[in-house]
Protein chains: 2
Amino acid sequence: MRREGARRGGRRPRTGRAGYHHGDLPRALVDAALELISREGVRALTLRAAARRAGVSQAAPYRHFADKDALLAAVAEEGFRLLTASMRTAAPSTGDDPLGRFRGFGLGYVAFAAGHPAHFRVMFGREVADRARHPGLQAAGGEAFALLVDAIRACQQAGLVREGDTETLAVSAWSTVHGLAALVVDGQLDRDGSPDVAALAHAVTGSLFFGLAAPRPAGG
Amino acid sequence: MRREGARRGGRRPRTGRAGYHHGDLPRALVDAALELISREGVRALTLRAAARRAGVSQAAPYRHFADKDALLAAVAEEGFRLLTASMRTAAPSTGDDPLGRFRGFGLGYVAFAAGHPAHFRVMFGREVADRARHPGLQAAGGEAFALLVDAIRACQQAGLVREGDTETLAVSAWSTVHGLAALVVDGQLDRDGSPDVAALAHAVTGSLFFGLAAPRPAGG
DNA sequence: CATGAAATGTTGACGATGTCAACACCGTCG
DNA sequence: CGACGGTGTTGACATCGTCAACATTTCATG
């Protein structure tokens, strides 16, 4: 998806040549992993297969990743960065529409999942065995969560979301969008014929907001 | 968890002896798989390890499961059956409290996930590669979903949930509880110190109901 | 430009895995 | 009692993750 060719040709970015050395093996391995996961599932992701796809030998990845888990962790971490980016993109940054911003985060979350299913699976699946050994993973996830918490707090301060423990409300909101995203990614919603993810996302976040809304002042 | 010993001793149920033949290898293999997944993650589930744990040789499982996927599918299918059972248990069956029944389903869903994380992971993870090849999986999942749809429809007919496409509302509800369950199972919520799953489930389903509730008649 | 150290890639090997084919044991049915 | 189907065993093969030893390239020096 991102850069792929454009370096074996003869260009020579600061860290990369052509020929014996690959140029940017870590990037190529991550891309290969994503491709394999997308096309054949996580089970098909093999260090050797990724190396083959990148055009290097079986042991080359070990120059850049301690083990298979480290490669998966890199995928997951990139995913979290893309997630927060997607959320920020989908949310209007105007200060005077906290509810719209909040909703944008939800839509961005679902859009990310639908657009990057391979990332999403690695991020939230159990593929990365020992999460604690890969710092920056929990941190990257925490950043996205913090985004949500801040948005909800802003809504509360504007009187648009009912009072209560902000983190608990955030868990509620996160659960809702995460659940929809997970169901979409796992193909669990392809029951009869409702593949319109965007419409579902709007409906689901809509219900969510009704649930979190502050009680209308009488007569409003 | 379920039966484990109790058959090598000398008892002889209708389909099971002692000695050379195992007695109930399929059951033992499923249990071994669950144990391995619970203790060391899905990555640690190995046909050979399950066979070892069941006390049989490496190739014995192939008498009962076509391949590793088939064993996983059996685990998933059992999981869906336990899920619907958990939902039914948690939901009052009285006809005059459709909202309580609805909420019970949600609580039962989360309770199942918290109580059977290994099942849950296999059910909704991407472990089972080709779901289409294992009928009864989609069907078992569909049954749980149908339960939810019926409950929502009952609420709508009682005027407790707002009108609209029932299936879409069901997706909304399912997303919410599924999201919470997934986050709990993946340990994504162990951020500072909020391990009280039951309380979270109540809070989350509470928000959900506000969101789905029918507009109060004016002055009610 | 020569040169040696640090990066990066390659080859070959080991134990473990999924899976198959060939074989052995057990209980049942005639 | 004897054959047969179901169940379990042994042995083998290709592949996988990973490591050690070796090769090549790049870069910082002189």
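Computed from heavy atoms alone, side chains included, the values below leave out hydrogens, waters and symmetry copies. Order of the sequence lines fixes the chain letters, A, B, ..., with proteins taken first and strands second; residue numbering starts at 1 for each chain.
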I need the CG-C1' distance between Asp24(B) and dG6(D), as an integer number of Å. 15 Å
Is Arg52(A) close enough to dT15(D) that one of its side-chain N or O atoms is under 4.0 Å from OP1 or OP2 there? no
Aromatic contact between Phe105(A) and Phe145(A), with the criterion being ring centroids under 6.0 Å apart: yes or no? no
In whole angstroms, how far is the P atom of dT17(C) from the CG atom of Asp69(B)? 18 Å
Of Val56(A) and Ala59(B), whose closest DNA chain C nucleotide lies nearer the 5' terminus? Val56(A)
Answer yes when Arg133(A) and Asp69(A) have at least one side-chain N-carboxylate O distance shorter than 4.0 Å, and no when they do not. no
Once you round it to whole Å, what is the distance between P of dT18(D) and CG of Asp67(A)? 5 Å
Using atom CG of Leu47(B) as one end and atom P of dT19(C) as the other, report the distance to the nearest whole Å. 6 Å
Of the candidates dC20(C), dT10(C), dG17(D), the side chain of Ala60(A) sits closest to dT10(C)
Let me know, please, whether Arg48(B) or Leu25(B) comes out on the 5' side of the other along DNA chain D by nearest nucleotide. Leu25(B)
I'd like to know if Arg63(B) reaches the base of dG6(D) with its side chain, counting only an N/O donor and acceptor under 3.5 Å. no
Looking at Val171(B), is its backbone amide N or carbonyl O close enough to the side chain of Ser175(B) to form a donor-acceptor pair, meaning the two atoms are under 3.5 Å apart? yes
Check the orientation of Phe112(B) and His116(B). Use parallel for under 30°, tilted for 30 to 60°, and perpendicular for over 60°. parallel
Measure the shortest side-chain to side-chain distance between Leu212(A) and Phe102(A) over non-hydrogen atoms and say whether it is less than 4.5 angstrom. yes
Is a donor-acceptor contact shorter than 3.5 angstrom present between the side chain of Gln58(B) and the base of dA12(D)? yes
Mind checking if Thr46(A) touches a base, just sugar-phosphate, or nothing, with heavy atoms under 4.0 Å? sugar-phosphate
Round to the nearest Å and state the distance from Phe65(B) atom CZ to dT17(C) atom P. 19 Å
OP1, OP2 of dG6(D) versus side-chain N and O of His64(B): anything below 4.0 Å? no
Whole Å only: how far is the CG atom of Leu36(A) from the C1' atom of dC16(D)? 14 Å
Lys68(B) NZ to dC20(C) C1', in whole Å, measures 17 Å
Would you indicate what Arg43(B) reaches in the nucleic acid, counting non-hydrogen atoms under 4.0 angstrom: base, sugar-phosphate, or nothing? nothing
